[in-house]
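Values in this document were obtained by computation on a predicted structure and should not be read as measured data. One-based numbering along the sequence shown. As the structure lists them, so they are numbered: ligands from 1, and atoms in each ligand from 1.
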Amino acid sequence: MARVAVLGAGIAGLVGAYTLEQAGVEVQVLEARHHPGGMIQTSEAGGYVVEHGPNTIRASTPLLERLIDALGLTAEVVEASDAARNRYVVREGNPVALPTSPPGLLTTRAFSIPGKLRLLLEPFVDPAPAGVEESVATFVRRRLGGEALAYGADPFVAGIFSGVPANLSVQHAFPALYEMEQTHGSLLRAQWARRGQAPADTPRYKVFNFRKGLQQLVDALATAVGPVATDEEVKRIIPANGQWTVHTAQGWEQTPQTYTVDGVLSTLPLPRLSALEASPASEAPVLAHVPHPPVTVVALGYPRRNVAHPLDGFGMLVPKVESDLRILGTIFTSTIFPDRAPDDHVLLTTLVGGARRPALTHESFHAVRELVERDLQHLLGVRGAPVLMHYTEWTTGIPQYTVGYGAVKDALQRLEDAHARFALAGNYRDGISVPDAMASGETAAQRLLQDL
Ligand SMILES: Cc1cc2nc3c(=O)[nH]c(=O)nc-3n(C[C@H](O)[C@H](O)[C@H](O)COP(=O)(O)OP(=O)(O)OC[C@H]3O[C@@H](n4cnc5c(N)ncnc54)[C@H](O)[C@@H]3O)c2cc1C
């Protein structure tokens with residue numbers, strides 16, 4: 001029976017391990033932290049269910065649906081409430097509802113009249129020549145104008161990537177937008193062309209989570225793949241006589257261990273992979289330079305009566321131009337999933353730092369809490385001390401698909417081509433979302449299976 005070491009037990013690693021095991025491969029999963037899940041972690045306290053990383057999965061994929069069924073999680077899926085359809089963006093210090101349909105664009109206060117007129121000019125803007133790579137900022141300003149960049153793209157890029165539009169590549173970070181322009185010459189024309197067309201795969205779940213949080217998915221996968229070796233840090237990956245040896249340091253005492261395997265599936269984040277004492281990644285220095293800006297997640301619970309805002313939406317995002325405010329945005333968690341907070345209480349999850357203000361993540365917990373509370377008081381009319389506080393600092397955050405990211409993708413491909421039975425997966429490959437990371441784990445496992 002072939003044997004494979006899966007490095008990292010985030011969602012990409014767990015799905016990779018599951019795919020290999022289902023095909024009859026013996027798998028050893030090695031995880032540096034005390035528990036599997038990587039960026040996915042959920043905790044429960046005082047009747048609150050708190051996500052430390054991702055809060056929702058947007059649109060299930062066939063892979064996810066298959067796994068949900070196979071792992072017996074169907075009854076555990078919780079879909080977002082209807083109220084979560086609204087989204088707010090902050091303008092002149094106030095949360096303003098974004099339109100939920102094209103006619104709503106006429107009345108929304110999120111954009112000024114000149115800003116709205118500029119949006120309508122979009123179909124008349126020439127597309128960029130094929131092959132020209134632009135930043136998200138350049139693309140959006142060119143197609144939709146400066147206001148759409150400031151109050152649309154900027155806060156969304158902060159909310160999704162913890163990034164800034166000037167750094168990210170539209171082609172790599174938002175390939176669907178790039179394709180719309182390339183194919184139809186215009187985003188509005190592309191939307192128009194698609195009207196009435198049923199999408200090829202209608203997802204079973206649109207926006208969802210699980211009753212006890214995303215941890216349920218992780219735990220079910222970890223149970224299915226058998227024991228995951230936790231507290232075991234990979235140090236070196238070395239090719240040896242047609243096989244691989246993986247050297248680790250185990251536990252508090254850093255006891256050295258060696259595994260000899262037929263294949264390696266690495267899902268280590270790029271900064272960790274590049275920092276190993278020995279690994280094929282040393283042949284691709286470009287991998288060490290992908291930025292992963294730090295981001296801090298602050299979850300605060302309040303009695304409902306202490307929050308003036310109706311919280312009738314998914315959350316609010318804060319554009320950089322709203323420079324008096326420090327937070328990137330807040331998810332109205334208990335509106336999306338009412339069971340996340342005890343009765344008559346609400347749960348608000350706020351992001352701080354990212355590429356916009358990385359230094360804030362180095363502030364003390366006290367300082368971060370103070371700035372979050374100050375902004376929430378101003379924006380949502382929050383009063384009094386929170387009854388729940390939870391703080392997670394992600395020192396290595398989300399990989400930024402910056403302009404020129406094609407060089408990173410090429411380097412990843414070259415490494416796989418140059419080393420037999422060595423595969424790479426994770427949120428740095430083909431999308432940063434949980435389903436994207438899962439798909440990359442499955443794809444990498446399937447690639448290995450062809451060679452085993
Ligand atoms: C704050 C935040 C909010 C997010 N919100 C959403 C959201 O709402 N929806 C969504 O779809 N996505 C969201 N994402 C993105 C998504 O969660 C991640 O992209 C995805 O979970 C990454 O999975 P992964 O397996 O690629 O990497 P990771 O989860 O980072 O897993 C890598 C694993 O490798 C381990 N590791 C590292 N070094 C070593 C070593 N030397 N030896 C052994 N193990 C090692 C790590 O401990 C980790 O467990 C969010 C991310 C963050 C940070």
Original post:
With Glu31, which residues qualify under salt bridge (charged side-chain N to carboxylate O under 4.0 Å, His left out), at least two apart?
Top reply: none
Subject >> Glu233, any N or O under 3.5 Å of ligand 1 N or O >> reply: no
**OP:** Within a distance under 4.0 Å of any heavy atom of Thr267, pick out the atoms of ligand 1 and give their elements.
**Re:** 32 (C)
**OP:** Tell me which one of Val434, Val15, Asp231 gets a heavy atom nearest to atom 12 (N) of ligand 1.
**Re:** Val434
Subject >> Per-atom contacts, ligand 1 versus Val297 - under 4.0 Å to a heavy atom >> reply: 1 (C)
Subject >> Option with minimal heavy-atom separation from atom 31 (O) of ligand 1, where the choices are Gly10, Gly353, Gly8 >> reply: Gly10
Subject >> Summary of ring-ring contact (aromatic ring centres under 6.0 Å, His included) pairs that have at least one residue in residues 39-69, sequence neighbours excluded >> reply: His52-His390
Subject >> Parallel, tilted or perpendicular: rings of Phe208 and Phe210 (30°, 60°) >> reply: perpendicular
Original post:
Which one of Asp312, Leu98, Leu311 satisfies the side chain to side chain contact (heavy atoms under 4.5 Å, CB included) criterion with Tyr88?
Top reply: Asp312
**OP:** Kindly identify the option in Val234, Leu214, Ile432 whose heavy atom sits closest to atom 40 (C) of ligand 1.
**Re:** Val234
Subject >> Asp430 bridged to Lys409 by N-O distance under 4.0 Å >> reply: yes
Original post:
Between the candidates Lys235, Arg33, Glu31, which shows the shortest non-hydrogen contact distance to atom 48 (C) of ligand 1?
Top reply: Glu31
**OP:** Could you check which of Gly13, Pro54, Ala229 puts a non-hydrogen atom nearest to atom 6 (C) of ligand 1?
**Re:** Pro54
**OP:** Output yes when Glu442 and Arg66 qualify as a salt bridge under the 4.0 Å nitrogen-oxygen rule, no when they do not.
**Re:** yes
Original post:
Counting each atom of ligand 1 from 1 as listed, which ones have a heavy atom of Ala12 under 4.0 Å away?
Top reply: 25 (O), 26 (O)
Subject >> Check: Val295 N/O within less than 3.5 Å of ligand 1 N/O >> reply: no
